[in-house]
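Proteins get letters first, then strands, A, B, ... in listed order; numbering begins at 1 in each. As a basis for the values below, the full set of heavy atoms in this structure was taken, side chains included, without hydrogen atoms, waters or symmetry mates.
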2 protein chains.
Amino acid sequence: MTNRSVGIKEVAVAAGVSVTTVSHVLNDVKYARISPETRDKVKSAAEHLGYGPNRLAQALRTQRTGMLGLVSEDIATTPHAGRIILGADEAARARGYNLMIINTSGSASSESRDADVEALLERRVDGILYATMYHRQVQVPVNLGSVPSVLVDSVSIGGSITAVVPDEEGGARAAVGILLAAGHTRIGFLNNTDDVPATRDRLRGFRATLTEAGLDGDAAPVESEISEVQGGYEAARRILARPDRPTGLFCYNDRMAMGAYRAAAELGLSIPADLSVVGFDDQELIAANLYPGLTTVALPHYEMGAWAAGNLIDAIEGKTDLALMALHPTILDCPLVARDSVAAPPP
Amino acid sequence: MTNRSVGIKEVAVAAGVSVTTVSHVLNDVKYARISPETRDKVKSAAEHLGYGPNRLAQALRTQRTGMLGLVSEDIATTPHAGRIILGADEAARARGYNLMIINTSGSASSESRDADVEALLERRVDGILYATMYHRQVQVPVNLGSVPSVLVDSVSIGGSITAVVPDEEGGARAAVGILLAAGHTRIGFLNNTDDVPATRDRLRGFRATLTEAGLDGDAAPVESEISEVQGGYEAARRILARPDRPTGLFCYNDRMAMGAYRAAAELGLSIPADLSVVGFDDQELIAANLYPGLTTVALPHYEMGAWAAGNLIDAIEGKTDLALMALHPTILDCPLVARDSVAAPPP
DNA sequence: GGACGTGGGAGACCAATGACCAACAGATCA
DNA sequence: TGATCTGTTGGTCATTGGTCTCCCACGTCC
């Protein structure tokens, strides 16, 4: 139990040696030649007094704080940020680093974002993780470049910062794939209306997978609405009113899928007997709690956080070069999470 | 934009003064008598060089880091932690403090919890916020006492640490109140089976409010299950199968309410026409997205985080005495969030 | 009696803060 | 009228808790 009032000096006095020796012993400095007896004296004195190193002083001298700054958007709005934080925290702690977290609003001005990074820089973090709430392009704060940095769930507009993002297209392919595997041939897509990478990439994955399966991907029904429950409901009502009603629905996210559930219920369609549904995001609160459980595609937030922290630390410790990795964003897998909303199409 | 390589010394040279003067000017030291001209010279030199203070060095010298440690349970599991973090971050930043966050598992060993606090102590945080995921009693790490600390959403077993918790009973009263106000007289409670303060206090609030309204609170129907969707479903099936079927249901949380929705749908009961439902927690993802929107009671996570950070800083700065406040936990209001799941009982 | 090996210490340094001191001006005093 | 006062302006230097680069003392070996 660290006693804030005892420093290396007190330990030195108690052990009857110099501070240099204490430092050498406690840090296991390789070139230091200290007798085993002296080592023991120092160690037991340190333990006895409840010595704990002052990381501030260490950092000042070594120019290494062992702290990573994490600026995250809208921490409280979705559980996504929590996953990123958790992944980053575990990866960081495994290597002796800690996280300093600053929350920023998705709608914050660029000055306020600059100030956030400034605060981190003044505290001399060794590197910065910059996380957004959903996959998109961002204009990164100018001062972000002054220290090793990694973007999480976004790519920088200039493309100059190393980034890690989800494999949107691959996720869509997995979603459509499970519907195809169940035997569906009339598959529709409830898409988002925002012009973000996820919208485009998931649509591409949707069409491509159908085409590769020998269906007409370009003609497959797609209805777009804002990506909320109500939008999903409306889009589902429209798509299910088509003459060639789809038997399988791929939804842009779990919230839209929740709307599709309601539309299906109103139309007397039972899931999955009459209609199979696949979501995206794996928001546990929704996906696991809908009835029947929603088969969906998980976004790798934990993994992105861990990857980002791990590679940031590698760069800080000179093991890798972030500039090289900045050329192309790293793409992480979006695994399918099978629950109970997919079955064979009705005969 | 902070330039890591320029310190107070470089500024001093550029301005043609001593480091002391630079320090005095930049910190607006009251007793320092420096001519306006010199001040200008220093300030413009600092700006020019992109000087930013080294908070590490400041902290070492002043014995104040301006950092608050936050150890939070299960950051990624619920959105609750995010709210606490956000509240604490905003309150802290408003007063010039930043947050160092460490995640801990709800099931972590006490050694691992001690180690978490140790890490914070070695970094010389000025104070510690210890947040749990749900309202309960905790055995706090022993070393927590060595620095000002506040418990968020829990109380310590010895009662020795200042704590802030939600007004569970008041929330239950508000929930039952809105059902009474709508005209219901047969009101049931779907309770949790865990033996935690929330379970007991909400039940007490439920019964007391009914009794105070002239009904028989002690005889009111209560069904307990684990506080998940499935548990809510089962408890609702049971309570709705009673001969004197309730027309209003108060649910331990929004997940159980979600189960009640399904039970109602299966029984052909329309919400709110045939059955009114009130939840607890205000998990937006669920409450706002169910159909109809769920009227519920919000837990003040943001407010608890902000209260904790604010009072912790007051204590650090000597404005208040935490020991005095440790006598009784501070109780924060749980406001009712009205949506569309409550109406008058069927005739 | 130099070379070498062993065990350990001195002191500069990291980037600030802050108590106290110094230099110089004009003012006051005997 | 020279000496002391006093207010203004700003500098000196120790200090914070470590780390790290020399450097020294003492044996011993050939």
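- Interface remark: the T20(A) side chain does form a donor-acceptor pair with the dG11(C) base, using a distance-only criterion of under 3.5 Å.
- Taking atom NZ of residue K9(A) and atom C1' of nucleotide dA10(C), one finds them 14 Å apart after rounding to whole Å.
- With distances taken from any side-chain atom of N27(A) to the nucleotides dG8(C), dG18(C), dT19(D), the minimum falls on dT19(D).
- Between the CD1 atom of I8(A) and the P atom of dT16(D) there is a distance of 14 Å, given to the nearest Å.
- Rounding to whole angstrom units, CG of residue N54(B) and P of dC14(C) are separated by 12 Å.
- Among the nucleotides dC20(D), dT19(D), dG7(C), the one closest to the side chain of R33(A) is dG7(C).
- Under the 3.5 Å distance criterion, the side-chain polar atoms of T132(A) are matched with a main-chain donor or acceptor of D153(A).
- No hydrogens or angles considered: nothing links the side chains of S23(B) and T20(B) as a donor-acceptor pair under 3.5 Å.
- An OP1 or OP2 oxygen of dG7(C) is reached within less than 4.0 angstrom by no side-chain nitrogen or oxygen of Y31(A).
- In summary, the side chains of E122(B) and N54(A) do not present any donor paired with an acceptor at a separation below 3.5 Å, with no hydrogens or angles considered.
- The side chain of Q58(A) approaches dG18(D) more closely than any other nucleotide in the set dG11(D), dT16(D), dG18(D).
- In this structure, the side chain of R93(B) engages the main chain of N103(A) through a donor-acceptor pair within 3.5 Å.
- If you take CG of D28(A) and C1' of dC20(D), they are 16 Å apart, rounded to a whole angstrom.
- Here the P atom of nucleotide dA15(C) and the CZ atom of R124(A) are 8 Å apart, to the nearest Å.
- Here the side chain of S35(A) is nearest to one of dG9(C), dG8(C), dA16(C), namely dG8(C).
- Atom CZ in R64(B) sits roughly 18 Å away from atom C1' in dT15(D) (whole-Å rounding).
- Of the side-chain N and O atoms in Q63(B), one or more sit less than 4.0 angstrom from OP1 or OP2 of dG17(D).
- Picking from dG17(D), dG9(C), dG8(C) the nucleotide with the shortest atom distance to the side chain of L60(B) gives dG17(D).
- R136(A) has a carboxylate O that lies under 4.0 Å from a charged side-chain N of E73(A), or vice versa, which qualifies the two as a salt bridge.
- Computed from coordinates, the H24(A) NE2 to dG8(C) C1' distance equals 8 Å when rounded to whole Å.
- Listed pair T21(B) / dG10(D) fails the phosphate criterion, with no side-chain N or O lying under 4.0 Å from OP1 or OP2.
- As rounded to whole Å, 17 Å separates atom C1' of dC14(C) from atom CZ of R55(A).
- Here V17(B) lies in heavy-atom contact (under 4.0 Å) with sugar-phosphate atoms only.
- Closest approach to the P53(B) side chain among dA16(C), dG18(D), dG10(D) is made by dA16(C) (side chain taken as heavy atoms from C-beta onward).
- Of the listed nucleotides (dT6(C), dA15(C), dG11(D)), dG11(D) has the atom at the smallest distance from the side chain of S18(B).
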